[in-house]
Enquirer: 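This is the structure, below, for whatever I ask next.
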Amino acid sequence: IFGGITAKIEHFPWQVFFSNPRAGGALIDEYWVLTAAHVVEGNQNPVMYVGSSSVQTSKLLKAQMLTAERVFIHPGWQVLDNTDIRTNFDNDIALVQLKEPVKMGPSVSPICLPGSSSEYSPSVGTLGIISGWGKSELRDIVIKLRAAKLPVAPLAKCQEWKGKDSRVDVSSFVFTHNMICAGGEKGVDSCQGDAGGAFAVQDPNEEDPKYYAAGLMSFGFQCGTYGIYTRVQNYVDWIRKTMQDNGSPSKD
Amino acid sequence: EPTMYGEILSPNYPQVYPNEIEKSWDIEVPEGYGIHLYFTHLDMELSENCAYDSVQIMSGDVEEGKLCGQRTSKSPNSPVVEEFQVPYNKLRVIFKSDFSNEERFTGFAAYYVAVDVNECTDFADAPCSHFCNNFMGGYFCSCPPEYFLHDDMRNCGVNCSGDVFTTMVGEIASPNYPNPYPENSRCEYQILLEEGFQVVVTMRREDFDVEPADSEGNCPDSLIFVAGDQQFGPYCGSGFPGPLSIETQSNAVGIIFQTDLTGQKKGWKLRYHGDPIPCPKEVTANSIWEPERAKYVYKDVVKISCVDGFEVVEGKVGSTFFYSTCQSNGKWSHSKLKCQPVDCGAPESIPNGKVENPESTLFGSVTHYTCEEKYYAMEDERGGEYRCSANGTWVNEVLGTELPKCVPVCGVPSELLKGVQR
């Protein structure tokens, strides 16, 4: 997280830590974790943890470890042999079904899925919060959870972004309406190691603060500028159907 | 040794009897005989009440006579001057003289013979209950036809016991009815009907005439009915004192008619019939009897159904009804079975929630489920209340028998992130 602050897991109880590759995810149910497809691509048995602000090994031993029963990558995700040259992050979304249900509490609880109405399609300027143990301005990885608040930006801002690094050809990347562009202000952004975590937006229909996962951290060109997030609203039907068809392992 | 006759003479008879002498003779004839004692000579000093000289005749402690003075025969054809006749077989004769016999009295001469006693007539108490037959030296009793002589050889009775009545309707009367019943008898009858029927005895007041009770209320002659552990009676008197209809509740009834020696009356006559034994119509809570009747009798079968929410439990099996049969003893079969409230048992627990421990788990009881707030909430908020239903399951009006689900509350962090923006 660039431009953020240290946070406690109680601020982001849905935050899931993927240890290898280091990434994030969002708990959406007792048995299901939502993450980016590129996080679990090629890794059918990710090891995950919830409930700890710190990902120091000694702290993780005390946290709840989650074991994957099965990984469901969105069928629209483009499978590549060489992921290093990926320019198409469309449908960067995946579900991890867990073997055992997660016990909820103050440091572990799910984030809501967006509703189907347009109210849950965040407009430009809408603020969202992100969290993760990814790269910061000072360190490639961090031990303590960091968080930041950033606004939704026009997708064009991401498309038109021109960095200093001439090796990055933005125009070669695919941009679709399955993506949300956010950030661009004061260096606040997600970065490597944060992918799969939720871009959480406050539910407009609730008086008390309640967050839904508007986006999932997907990719970007330079940390501290704009970032592209998978638009979760477009996948709610797929998510619900996948969950419904597969149920919970204990019920099978 | 008893003798049939004998002579008694005063001392020195026929010479002058001595002064100051007392002599006695014990006369004994065989049993069954009386004694005829007669004097043919009596010559003794006369004094008032025979105080000086006397001959005294004693029967036990009773003085039969005391003689003194001179006697002569009143009949020219008989030498007897004085005689005694006693119905007993023993007498004592006592002769006494005082200090002077100056006129030279010669005393007495007496004879005795055994004479037959008519036991049938000579005594105040009749020795036989019916017929008395005297013979020389004794008597014997005899009885009318159909009577027998008891072992005491004095009393007659009748052989009236042993009849067993098995027909469903019948009439029984005391011996000789309406003529006087026999004395000193014990008649035992039995009414024995098939199981499941009770003997009902009916007696008209005028058909009963038995020697009435004494001043202490004891019946000298009595009629008693015995049915199992129950006894009806004893009854006696003129007119039946008991209920006109006696429901004995038993298929076997003993009739005992006991008479004493005296006071024979007309006797009694009863009728009986068999009634199917009734079973009580028991009002048991929370149950319905089919068919509904005012009275149930032997072999009737009823279906006893429990009202909603109640069941009968036999062993480990519960049912909503059972059949009961009116038995021959007047009791219902399966009478221990009762309709009791259905027990739903302890409600099942649910993950991430809890169920309150209900005060009762019986039909109609209510329990509530709650989820572990604030991290879980009930999937359907109407699914908290469950009621123990008639079929023994906990039921929610929305979810039915399905248990409520506690689902995680989403999107609400326990702490809010603040002050991120600068």
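Letters A, B, ... mirror the listed sequences (proteins, then strands); counts begin at 1.
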Enquirer: Please say whether more than 12 non-hydrogen atoms of neighbouring residues, nucleotides or ligands are located less than 6.0 Å from CG in B:Asn357.
Expert: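 No, because the 6.0 Å sphere around CG of B:Asn357 holds 12 heavy atoms or fewer from other groups.
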Enquirer: Would you say B:Val407 and A:Glu30 make side-chain contact, with heavy atoms under 4.5 Å?
Expert: no
Enquirer: I'd like to know which of B:Pro351, B:Cys410, B:Ser414 tops the heavy-atom pair count under 4.5 Å against chain A.
Expert: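 The candidate making the most pairs under 4.5 Å is B:Cys410.
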Enquirer: For atom CD of B:Glu356, is the number of surrounding heavy atoms from other residues, nucleotides or ligands below 6.0 Å larger than 12?
Expert: yes
Enquirer: Please state whether the side chain, the backbone, both or neither of A:Lys210 comes within less than 4.5 Å of a heavy atom of chain B.
Expert: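 It is both, since atoms from each part get that close.
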Enquirer: Can you find a pair of side-chain heavy atoms, one from A:Trp14 and one from B:Val412, that are under 4.5 Å apart?
Expert: no
Enquirer: Does anything in residues 102-111 of chain A reach chain B? List residues with heavy atoms under 4.5 Å apart, or say none.
Expert: A:Val102, A:Lys103, A:Met104, A:Gly105, A:Pro106, A:Ser109, A:Pro110, A:Ile111
Enquirer: With a 6.0 Å cut-off (strictly less than), is the heavy-atom count around CG of A:Asn205, excluding the residue itself, greater than 12?
Expert: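 Correct, the count exceeds 12.
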Enquirer: At what distance, to the nearest 0.5 angstrom, does CD of A:Glu10 lie from CG of B:Leu416?
Expert: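 These two atoms lie 12.0 Å from each other.
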Enquirer: What do you reckon, is NZ of A:Lys59 surrounded by more than 12 foreign heavy atoms closer than 6.0 Å?
Expert: no
Enquirer: Any chance NZ of B:Lys374 has more than 12 other-residue heavy atoms, nucleotides or ligands included, within less than 6.0 Å?
Expert: no
Enquirer: Tell me whether the count of non-hydrogen atoms from other residues, nucleotides or ligands lying under 6.0 Å of CD in B:Glu195 goes above 12.
Expert: no
